[in-house]
Amino acid sequence: MAHSVEMGKDGILYAAIIGDMDEPSMQAYFKDMTAHFEGRDEQSLDILVDASREGKISPAARRVFMDLATYPQLRKVAIYNATTFSRVLGSFITRILGRKELFGFFAEEDEAREWLAVK
C-alpha cells in the first residue's frame with residue numbers, strides 16, 4: 001500500500017504517504033482524497049498528511065498532488081515529517097499557484113495540528 005486516507009471523527013481528513021509514489025499511485029491517492037470533497041462547502045475541509053514514511057516521489061506524482069490547490073473545498077493542508085526536498089518544492093509550488101496559505105509544512109504532528117486549529 002502506498003497511501004492511506006481516512007476521515008476522522010473530528011472532521012479532519014487524515015492521509016499518509018507510504019513508500020515511493022509514481023504518477024499512477026499518486027492518482028489513486030488523489031482519487032481517494034477527493035472522494036471526500038463531494039458536497040462540501042468552500043473552505044470547509046482540513047487535511048493532515050503524515051509524510052514520515054514518504055519514499056521517492058516522482059515529478060509527475062508531485063504535479064498530481066499539487067492539483068489539490070485547485071479544490072475550493074479545502075481550508076488547510078498540513079503536511080508533517082516531509083523530506084526537506086518535498087517541503088522546499090511544495091512551498092515554492094504553492095507560492096507560484098498563489099495558494100501559500102493553503103499548505104503548511106511542519107516537523108512534528110503537534111505543530112501541524114496547532115496550525116489547523118487556527119481558524
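This chain uses plain numbering: 1 for the first residue, then up along the sequence.
- Applying the salt bridge (charged side-chain N to carboxylate O under 4.0 Å, His left out) rule to pairs touching residues 27-43 yields nothing, sequence neighbours excluded.
- Atom NZ of Lys119 sits in a crowded spot, with more than 12 heavy atoms from other residues, nucleotides or ligands closer than 6.0 Å.
- Judged purely by atom type and a 3.5 angstrom limit, Ser91 has no side-chain atom pairing as donor or acceptor with the backbone of Val88.
- Contact of the Ile47 side chain with the Lys76 side chain is not registered, since no non-hydrogen atoms from C-beta on lie closer than 4.5 Å.
- Between Arg75 and Asp46, at least one side-chain N (NZ, or NE/NH1/NH2) sits under 4.0 Å from a carboxylate O, which counts as a salt bridge.
- Remark: the backbone N or O of Gly55 is not paired with any side-chain donor or acceptor of Asp20 at under 3.5 angstrom.
- Residues Glu109 and Asp50 have side chains not in contact (no heavy-atom distance under 4.5 Å, counting atoms from C-beta outward).
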Given side chain to side chain donor-acceptor pair (under 3.5 Å), test Glu23 with Ser58 step by step and report yes or no. CA-CA 7 Å; Glu23 186 175 11; Ser58 75; over 6 Å; no

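- Side-chain atoms of Ser25 and Asp22 include a donor-acceptor pair closer than 3.5 Å.
- A distance-only check finds no donor-acceptor pair linking the side chain of Arg53 to the backbone of Ile17 [under 3.5 Å].
- Using a 4.5 Å cut-off between side-chain heavy atoms of Ile, Leu, Val, Met, Phe, Trp and Tyr, with links allowed through other members, Val77 and Leu48 fall into different hydrophobic clusters.
- Taking 4.5 Å as the limit, some side-chain heavy atom of Phe103 sits within range of a side-chain heavy atom of Ile79.
- Leu102 and Leu116 sit in two unconnected hydrophobic clusters of ILVMFWY residues. Membership requires side-chain heavy atoms under 4.5 Å apart, directly or through other members.
- Hydrophobic clustering (ILVMFWY, side-chain heavy atoms < 4.5 Å, transitive): Val49 and Ile12 are in distinct clusters.
- The ring pair (Phe, Tyr, Trp, His ring centres under 6.0 Å) pairs that include a residue from residues 60-100 are Phe30-Tyr71, Phe37-Tyr71, where partners are two or more places apart or lie in different chains.
- Residue-environment remark: CD (Glu6) stays at or below the threshold of 12 foreign heavy atoms within 6.0 Å.
- Trp115 and Leu74 fall into different hydrophobic clusters, where Ile, Leu, Val, Met, Phe, Trp and Tyr residues are linked whenever their side-chain heavy atoms come under 4.5 Å apart, directly or through other members.
- With rounding to the nearest 0.5 Å, the separation of CG in Asp67 from CD in Gln27 is 9.5 Å.
- Leu45 and Met66 fall within the same hydrophobic cluster, defined by Ile, Leu, Val, Met, Phe, Trp and Tyr side-chain heavy atoms under 4.5 Å apart, directly or through other members.
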